[in-house]
Engineer: 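I have a structure here, written as structure tokens, and I will follow up with some questions on it.
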Amino acid sequence: MDSVPQSGDDDFALMEAIARRDQGALASLYDRHSGTVLGTCLRILRDRGEAEEVAGDVFIELWDRASRYDPGRGHPLAYLLNLARSRAIDRLRSQGRRARMFVEPDPREPAACDDPLGDSMTAQMRGHLDRALADLAPGQKRALELAYFDGLSHSEIASTLGEPLGTVKTRIRQGLIRMRETLDAMYGEGAAS
Amino acid sequence: MTCAERKDLLLLYAFDQLEPDEARPLLAHVRGGCPRCTGELAAARTIAGQMGLAVPAVAPSSGVRARVLAATASPRVRSRWIPAAGAALLAASVTAVAILVPAQRGVHALRQELAAARVVSMAGTGPQPRAAARIFWDEGRGIWHVYLANMKPADPGRTYQLWFITPDQAKVSAGTFDVGREGAGEITVRVPPSLGKIAMAAVTEEPAGGVPQPTGAIQLAGKLET
């Protein structure tokens, strides 16, 4: 517990400072995680201008709500990304836009950065997630992505994939449980190392 | 329905995959203060947020940062921990005593205490994002009953240490504890009356026997004062 936040662990300290209206702490959190937030927004909205607008709004909302943030509800980065996903999907729906099916990244889209603003904690979490997703059956992964990034209901996913509703529900449930098991096992490995 | 059965539902809820009529009783149970399900929900929310890392980070234009800072412009306040020397001085003047839960205490009496207690949550941080804890704060008697779940056993020669953190960031030891093989643990501590307000609680991993001031990474943290 050093005096100056330096790592992902200190996101909690930054959130505490933001709740005390420390704009410098907000700038630090922004510099650390804005690329990750924008990546999520861009994946959902698929429009650079809209994604940047929503990403900025997310940090402004974080500033306004920081005093109500409860560390017991989860890690600050997870809180930030859940907020980003929620706001991006709200934007998608408010415009009456139909979420698009998952497609491979469009080469014309802005190049992704190599997360220069991230930190080792974020990189570790990203690595663990990649492994957990790779461990899913293709059908589970696709259903999960449609639910998470495209905000589709179970019925919409079933329609999109041309599969029975029950199959979609089972895939999402089993996929999430599998993902949790894999992540738990990886954190267990970390404990042993 | 058992808490073990609720675990999967909480995961679905965190991913917005439950219908409102499925979510309502689940949330009512969590808000009722179940420490296990509260911890599971925090862990599930962390997984849901982590899913956002499935796509590459993209550097925003500089205009986004400028807009955020312009919209949030306000006087800056100090955000650093107070110097360690000041914290040590406070620690020296205040002794926090960890006490064991008396084995002879009746379950009924304990339930009554917990029902009347103020409840505070702690969530796992970077090293242990799955960890969770619930503090039942008996303000009348000045006692914390802390129940922890999903924790890794401390490394050999090390232990976990609970800290009271004051609004001015002084850190005062509340005692050390270990967790069982299933990752569960509990500790009951007396809150020093002279401590004044407590802003946060945190758990660090430290050398066996504990240390006067924290040296290890924060494993869990929770905010107490609003």
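Keep in mind that the numbers below use all heavy atoms, side chains included, and drop hydrogens, waters and symmetry copies. Note on naming: letters A, B, ... go to the chains in the order of the sequence lines (proteins, then strands), and numbering restarts at 1 for each one.
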Engineer: Under 4.5 Å from any heavy atom of chain B, what part of A:A132 do you find: side chain, backbone, both or neither?
Structural biologist: neither
Engineer: Which residue out of B:A48, B:A132, B:A44 racks up the most heavy-atom pairs below 4.5 Å with chain A?
Structural biologist: B:A48
Engineer: Examine distances only and state if a side-chain atom of B:K223 and a backbone atom of A:S67 form a donor-acceptor pair shorter than 3.5 Å.
Structural biologist: yes
Engineer: What part of A:A66 gets within 4.5 angstrom of chain B, counting heavy atoms only: side chain, backbone, both, or neither?
Structural biologist: backbone
Engineer: Does the side chain to side chain contact (heavy atoms under 4.5 Å, CB included) test come out yes or no for A:M179 and B:L11, once each step is laid out?
Structural biologist: CA-CA 10 Å; A:M179 191 162 79; B:L11 184 62; over 6 Å; no
Engineer: Do you know which two heavy atoms are closest between B:R67 and A:G56, and how far apart they sit?
Structural biologist: NH2-CA, 3.5 Å
Engineer: Counting only heavy atoms closer than 4.5 Å, note whether A:I177 contacts chain B via side chain, backbone, both or neither.
Structural biologist: both
Engineer: Between B:N150 and chain A, which part of the residue has a heavy atom less than 4.5 Å away: side chain, backbone, both or neither?
Structural biologist: neither
Engineer: Heavy-atom cut-off 4.5 Å, strictly under: side chain, backbone, both or neither for B:I135 against chain A?
Structural biologist: neither
Engineer: Output yes when a side-chain donor or acceptor of B:T72 lies under 3.5 Å from a complementary backbone atom of A:W63, and no otherwise.
Structural biologist: no
Engineer: Counting distance only, does the side-chain N/O of A:Q23 pair as donor-acceptor with the main-chain N or O of B:L69 below 3.5 Å?
Structural biologist: yes
Engineer: Below 4.5 Å, heavy-atom pairs only: which of B:Q219, B:M51, B:M122 has the largest tally toward chain A?
Structural biologist: B:M51
Engineer: Identify which part of A:D57 has an atom lying under 4.5 Å from any heavy atom of chain B, answering side chain, backbone, both or neither.
Structural biologist: both
Engineer: Just wondering, are more than 12 heavy atoms of other shown residues or ligands nearer than 6.0 Å to OH in A:Y69?
Structural biologist: yes
Engineer: Between A:I18, A:L77, A:L144, A:L176, which residue shows the highest count of heavy-atom pairs closer than 4.5 Å to chain B?
Structural biologist: A:L176
Engineer: By a 4.5 Å heavy-atom criterion (distance strictly below it), what part of B:L12 contacts chain A: side chain, backbone, both, or neither?
Structural biologist: both
Engineer: Measuring only between side-chain heavy atoms, which start at C-beta, is A:H128 closer than 4.5 Å to B:L53?
Structural biologist: no
Engineer: For residues A:A78 and B:T46, report the shortest heavy-atom separation together with the two atoms involved.
Structural biologist: CB-CA, 3.6 Å
Engineer: Given heavy-atom pairs under 4.5 angstrom as the criterion, report whether the side chain, backbone, both or neither of A:R85 touches chain B.
Structural biologist: side chain
